[in-house]
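Reminder, nothing fancy here: chain letters follow the sequence lines and each chain counts from 1. Scope of the values below: all heavy atoms of this structure, side chains included, with no hydrogens, waters or symmetry mates.
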2 protein chains.
Amino acid sequence: MIAEIISIGTELLLGDILNTNAQYLSRRLADLGIDLYHQSVVGDNGERLKEELERAYSRSNLIIATGGLGPTKDDLTKEIGAEYFNKPMELHEESYKILSEHFQRLNRELTENNVKQVYFPVGSIILPNPFGTAPGCIIEDDGKILILLPGPPKENIPMFENHVVPYLNKLTTHTFISKTLRICGIGESMVATKINHIIDEQSNPTVAPYAKDSEVTLRITAKAKNKEEGYNLIAPMEKAIQKILGDNIYGTDEDTLEGVVGKLLIDNKLTLAVAESCTGGLLSGRLVNYPGISNAVIDGCVTYSNDAKVKRLGVKEATLEKYGAVSEEIAKEMAEGVAKTSGAAVGISTTGIAGPGGGSEEKPVGLVYVGIHIKGKTFVKKLQLSGSRQTIRERTVTFTLDWLRRKLLSLYI
Amino acid sequence: MIAEIISIGTELLLGDILNTNAQYLSRRLADLGIDLYHQSVVGDNGERLKEELERAYSRSNLIIATGGLGPTKDDLTKEIGAEYFNKPMELHEESYKILSEHFQRLNRELTENNVKQVYFPVGSIILPNPFGTAPGCIIEDDGKILILLPGPPKENIPMFENHVVPYLNKLTTHTFISKTLRICGIGESMVATKINHIIDEQSNPTVAPYAKDSEVTLRITAKAKNKEEGYNLIAPMEKAIQKILGDNIYGTDEDTLEGVVGKLLIDNKLTLAVAESCTGGLLSGRLVNYPGISNAVIDGCVTYSNDAKVKRLGVKEATLEKYGAVSEEIAKEMAEGVAKTSGAAVGISTTGIAGPGGGSEEKPVGLVYVGIHIKGKTFVKKLQLSGSRQTIRERTVTFTLDWLRRKLLSLYI
């Protein structure tokens with residue numbers, strides 16, 4: 001079975017609303033193991049909608065169309081569906097009853113355009129809509145299936161889950177199981193190069209790399225009869241990739257870098273203090289994303305000014321004068337200072353030039369030093385990053401979290 | 001000119017990512033007065049992409065395709081574009097130079113698949129990408145225009161704004177001039193209600209409200225022969241809206257809330273220190289987004305633990321014991337303490353329960369206290385926010401910045 005999603009609404013073409021339905025339905029079709037090769041969007045225009053249906057059925061046999069079921073003249077989806085399948089429209093008594101009662105409760109007159117919402121192509125399966133006035137429907141004809149759902153997500157999603165999923169489950173014999181490997185400290189193209197032979201030889205499961213913010217994910221997807229068979233198919237490929245990428249993989253599925261670091265700290269009963277200059281609070285902010293973090297992170301200082309570095313962290317004025325705030329020496333003193341002044345086992349620090357101004361030939365924009373003080377020793381890394389002020393700061397945060405993760409793994413595991 | 005958007009990427013068909021590019025580009029095309037009747041999505045599949053191009057050119061003459069410009073084998077968009085227009089690919093020397101320098105700076109090897117990103121169909125207009133490794137391009141042939149943009153929004157949007165908008169403006173006889181009013185502290189539906197009569201009477205210019213992350217924007221768009229005429233058309237409507245919404249409008253166009261607050265502090269020669277508990281560094285991080293901020297923000301403390309609140313800020317243990325860390329009294333002592341210990345003129349603080357755990361009947365998840373110490377006085381606001389841990393923290397940050405802005409306006413302007 002090949003599916004296709006058609007989203008209907010001029011508001012989508014004007015960019016007034018975001019097409020969250022297409023994402024939701026695509027993800028659920030993937031979960032159900034139904035192939036999807038096309039999504040499309042058309043406005044509230046009968047002719048173009050009909051063309052779109054004809055095109056879609058030339059390459060797919062299951063069309064899910066969202067939107068255009070409402071009471072206004074613009075809402076044409078059911079009418080065009082009926083025309084395509086050459087079926088007359090008829091009133092659905094039960095839906096009419098529900099609709100009249102709804103209007104009675106609201107003390108509103110049931111106008112003719114509202115009644116249009118309970119007319120359906122003859123022979124349709126009706127999908128009730130407890131969250132709105134327009135029911136959906138399924139039309140089956142000659143091996144083609146057309147599923148019509150309302151546009152608003154709060155109506156669309158429950159209708160899909162409660163009525164369409166059980167319907168589709170009866171039609172499929174297999175399911176798709178996915179596992180995502182989360183990777184940091186290595187770029188997308190290097191990941192692709194390293195596992196090139198696996199990508200080339202893939203059939204079932206398949207593997208696909210995606211890059212997002214300074215991280216890479218690999219999604220392994222298996223086609224199987226059930227979950228257990230799916231995970232059994234995924235395991236050997238995961239193992240092979242794990243062998244190649246090793247510690248570059250920091251987690252799977254819903255794991256986050258800050259969550260993994262947080263767990264490592266808590267599992268090893270370590271407390272952490274953070275001293276930030278160029279990242280200005282973002283590093284603390286990212287760590288605090290992890291709900292359990294209050295057991296590990298005990299203190300943070302955003303010492304953007306030299307004065308604060310001296311006062312809060314005990315950084316030496318002489319060091320600031322000799323090497324400048326953006327230097328290996330200051331990163332070291334910041335990491336040591338924040339651990340000492342807060343009594344934390346581990347101290348980390350960032351200092352750098354995020355731009356757009358403030359750079360020089362000797363210390364260009366993007367120059368960042370990161371420090372880690374752990375087990376009585378202090379380590380400093382020098383980075384030369386590129387991108388906007390925002391990107392440089394985000395990359396510094398990701399690098400620091402990843403480096404701390406690797407240090408914790410090498411020292412404690 | 002009829003435009004069409006093709007979004008390319010299997011991750012879109014799997015529902016892994018939301019197609020925000022299609023919305024952004026659709027809205028901007030509407031602003032530019034260019035008709036758009038179709039959006040479509042295809043995976044990283046050469047054959048289907050080529051079919052999609054053929055279909056799109058059968059009904060439109062300007063295609064904007066996003067995604068598939070990266071370094072991996074999956075990235076096929078340029079290659080298929082070249083095939084469609086029957087143009088060979090050639091290396092673009094300048095882009096190659098930029099790419100090599102980028103890899104040198106990162107101390108990473110420039111692999112062959114990366115070089116693929118700087119090959120383009122002969123005769124293309126190259127669109128530089130300062131925020132990523134894949135430049136875009138424009139191919140013109142026989143009245144057809146194909147614009148290829150990278151998939152990541154942070155690369156896609158600046159490339160569209162800086163290079164595609166000026167290009168498209170040259171193709172149309174009129175121009176669309178927009179001005180965005182940025183609003184905080186009042187919801188989208190309230191904004192719409194207040195300016196309802198202006199929306200109802202609009203013709204040229206038009207005005208459209210959008211909501212995003214606790215902020216609302218009003219975009220005023222005028223159709224005009226040139227910029228001057230456009231701004232002249234916009235001015236009276238802007239004045240009328242300004243009169244209604246007053247201080248709720250914090251800025252225009254590229255202004256940010258943190259930038260406006262930063263400027264107010266600097267203009268009034270005020271220094272600021274920030275003490276954060278539940279926002280965990282996000283408030284400092286947001287302020288430091290503003291490049292000039294080092295002249296105003298002198299210190300920040302992320303005192304997530306009670307111990308750090310006492311040690312860093314001089315919060316009293318007795319107050320913590322009596323009222324708890326999430327209380328009006330602690331927000332007050334934190335704001336005063338951070339100002340005093342850092343020597344800043346203004347101190348701000350946040351303390352709250354971001355969830356998902358930690359709530360009680362008396363102090364539920366979403367309860368947040370925000371403090372401002374300014375001109376010898378301390379003010380505290382109690383908020384009851386809803387949403388995820390992340391949302392509660394972001395809303396706290398936005399509220400605090402907006403409240404500080406209003407305080408500064410009332411005290412210093």
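Of the atoms belonging to B:N19, it is backbone heavy atoms, and not side-chain ones, that fall under 4.5 Å from chain A. Contact annotation for B:V338: both backbone and side-chain heavy atoms come within less than 4.5 Å of a heavy atom of chain A. Using a 4.5 Å cut-off between heavy atoms, B:E112 makes no contact with chain A at all. Using a 4.5 Å cut-off between heavy atoms, B:P71 contacts chain A through its side chain alone, with no backbone atom that close. Only the side chain of B:T72 comes within less than 4.5 Å of a heavy atom of chain A; its backbone N, CA, C and O stay farther away. For a residue to count as touching a neighbouring chain, one of its non-hydrogen atoms must lie under 4.5 Å from one of that chain's; by this rule B:R389 touches chain A with the side chain only. Looking at A:S388, both its backbone and its side chain come within 4.5 Å of chain B, counting heavy atoms on both sides. Contacts of B:D16 with chain A are made by both backbone and side-chain atoms, with heavy-atom separations under 4.5 Å.
Summarising the geometry, atom SG belonging to A:C301 is positioned 7.5 Å from atom CG belonging to B:D299; distances are rounded to the nearest 0.5 Å. In this structure, A:S284 OG and B:L283 CG are separated by 12.0 Å, a value rounded to the nearest 0.5 Å. Distance check, rounded to the nearest 0.5 Å: OG of A:S189 to CG of B:D75 gives 10.5 Å. The CD1 atom of B:I298 sits 7.0 Å away from the CG atom of A:D307 when rounded to the nearest 0.5 Å.
Within the 4.5 Å cutoff, the side chain of B:Y304 has heavy atoms near those of the A:V288 side chain. Counting heavy atoms from C-beta outward, A:V42 and B:H38 have side chains that approach closer than 4.5 Å.
Judged by distance alone, the side chain of A:Q39 and the main-chain N or O of B:S40 form no donor-acceptor pair under 3.5 Å.
Side chain to side chain, A:S342 and B:R312 fail the donor-acceptor criterion of an N or O pair below 3.5 Å.
By a heavy-atom distance cut of under 4.5 Å, A:L12, A:L13 are the residues of residues 3-13 of chain A near chain B, going up by number.
Comparing B:K311, B:K309, B:R105, B:R48 by heavy-atom pairs within less than 4.5 Å of chain A, the highest count is held by B:R48. Interface summary for chain A: among B:E109, B:R59, B:K154, the most heavy-atom pairs under 4.5 angstrom belong to B:R59.
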